[in-house]
Amino acid sequence: MPTVFTHAVSALALGTAVLPARAGSRTWCLGVLCSAVPDLDVLTFAFGVGYSDMLGHRGLSHSLPFALALSTPIATCGFRAFK
């Protein structure tokens, strides 16, 4: 079963395969953090959100629009010096 840790390992493995060898620690840290963020949706259970709700586990936070909405400001702010 995937966990926040296996998502991080997957991000590291994928990054190793596609990123250049000179990729800095900022790239690796942000990649790992972005891969773990969608699993924070389990916190919604404490607020009464059901598993199958749109905001529940594997709902909105596991979608491509969410990935785009998360990665755009991360890439813009996290790598501003590289413009």
Checking one residue: Leu64. Which other hydrophobic residues are in its cluster under the side-chain 4.5 Å linking rule? none
Hydrophobic side-chain clustering at under 4.5 Å (ILVMFWY, transitive links): who's grouped with Leu60? Put none if nobody.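 Besides Leu60, the cluster holds Val49, Met54, Leu55.
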Sidechain N-carboxylate O distance under 4.0 Å for Asp39, Arg58: yes
Sequence neighbours left out, cut at 3.5 Å: what donor-acceptor pairs do the side chains of residues 28-37 make with other protein atoms?
unit_1	atom_1	unit_2	atom_2	d
Trp28	NE1	Ala23	O	3.4
Ser35	OG	His7	O	3.3
Ser35	OG	Val32	O	2.7

Is the CZ atom of Phe5 crowded by more than 12 outside heavy atoms at less than 6.0 Å? no
Contacts table for residues 67-74: side-chain donor-acceptor under 3.5 angstrom, sequence neighbours left out:
unit_1	atom_1	unit_2	atom_2	d
Ser71	OG	Ala67	O	2.9
Ser71	OG	Leu68	O	3.4
Thr72	OG1	Leu68	O	2.8

Filter on side-chain hydrogen bond (donor to acceptor under 3.5 Å, both in side chains), then keep only pairs touching residues 41-50, sequence neighbours left out; what's left?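 Found Asp41-His57, Asp41-Ser61, Asp41-His62.
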Check: Arg26 side chain, Phe79 main-chain N or O, donor-acceptor pair, under 3.5 Å: no
